[in-house]
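Report on the following structure.
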Amino acid sequence: QGQLVESGGGLVQPGGSLRVSCAASGFTFSSYRMRWYRQAPGKERELVAHITTTGDRTNYVDSVKGRFTISRDNAKNTVYLQMNSLKPEDTAVYYCAAAFWTGSSWSNRYWGQGTQVTVSS
């Protein structure tokens, strides 16, 4: 019965910044690693960022390293993705997901509906 709801997407110019949020409910947020994915037009979904349960470690796809920052506030049951120096190729629907360890791999138990981020002049 868990739910993830993204917000904060929109239109931004190249070089600009945007912060998307994902609010969790119906499950123990602090027990899950959180992820941001994106799917650009005509492309497959890709994992963009990953954060541990406490936020002590993060991982990013190479294309966003140094520009994007994933963070979480367990008290607010919210994960964020701060996106700076945005490029047109960052245009995508951004999804958050809550991941658990199956014993052999990570699996996303809950998904958000996505929020559109468009980078264009």
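Small disclaimer: the values here were computed from a predicted structure and weren't measured. Just so it is clear, the values below take in all heavy atoms, side chains as well, and ignore hydrogens, waters and symmetry mates.
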Provide the closest heavy-atom pair for [X] versus [Y] in the form atom of the first, atom of the second, distance.
| X | Y | answer |
| --- | --- | --- |
| Ala23 | Thr78 | CA-OG1, 4.1 Å |
| Ala92 | Arg38 | CB-CB, 3.7 Å |
| Tyr32 | Arg72 | O-NH1, 2.8 Å |

Checklist entry - Yes or no on side-chain contact (heavy atoms from CB on, under 4.5 Å) for Leu47 and Val61, after CA distance, side-chain angles and deciding distance? => result CA-CA 7 Å; Leu47 177 61; Val61 67; over 6 Å; no
Item to check | Partner set under side chain to side chain contact (heavy atoms under 4.5 Å, CB included) for Lys65, not counting sequence neighbours | outcome: Tyr60, Asp62
Checklist entry - Between atom CZ of Arg33 and atom CZ of Phe100, what is the distance when rounded to the nearest 0.5 Å? => result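 Here the rounded value is 13.5 Å.
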Item to check | Close side-chain approach of Val119 to Lys87, heavy-atom, < 4.5 Å | outcome: no
Item to check | Derivation of the side chain to side chain donor-acceptor pair (under 3.5 Å) call for Tyr80 and Arg19 | outcome: CA-CA 7 Å; Tyr80 307 92; Arg19 188 198 204 193; 4.7 Å; no
Next on the checklist: Please check this pair: side chain of Asn77 against backbone of Phe27, looking for a donor-acceptor N/O pair closer than 3.5 Å.
Outcome noted: no
Checklist entry - Checking ring pair (Phe, Tyr, Trp, His ring centres under 6.0 Å) for the pair Phe68/Trp36: CA distance, chi angles, key distance, verdict? => result CA-CA 11 Å; Phe68 289 13; Trp36 284 99; 9.9 Å; no
Item to check | Plane angle bin for His50 and Trp106 - parallel if under 30°, tilted between 30 and 60°, otherwise perpendicular | outcome: perpendicular
Item to check | Option passing side-chain contact (heavy atoms from CB on, under 4.5 Å) with Leu18 (candidates Asp90, Thr118, Leu86) | outcome: Leu86
Only pairs under 3.5 Å count here: list side-chain donor-acceptor contacts from residues 2-17, not counting sequence neighbours, and write none if there are none.
| from | atom 1 | to | atom 2 | distance (Å) |
| --- | --- | --- | --- | --- |
| Glu6 | OE1 | Gln113 | N | 2.8 |
| Glu6 | OE1 | Gln113 | NE2 | 3.4 |
| Glu6 | OE1 | Gly114 | N | 2.8 |
| Glu6 | OE2 | Cys96 | N | 2.8 |
| Glu6 | OE2 | Gly114 | N | 3.3 |
| Ser17 | OG | Asn84 | OD1 | 2.9 |

Next on the checklist: If the condition is ring-ring contact (aromatic ring centres under 6.0 Å, His included), which residues does Tyr95 pass it with, not counting sequence neighbours?
Outcome noted: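 Here no residue qualifies.
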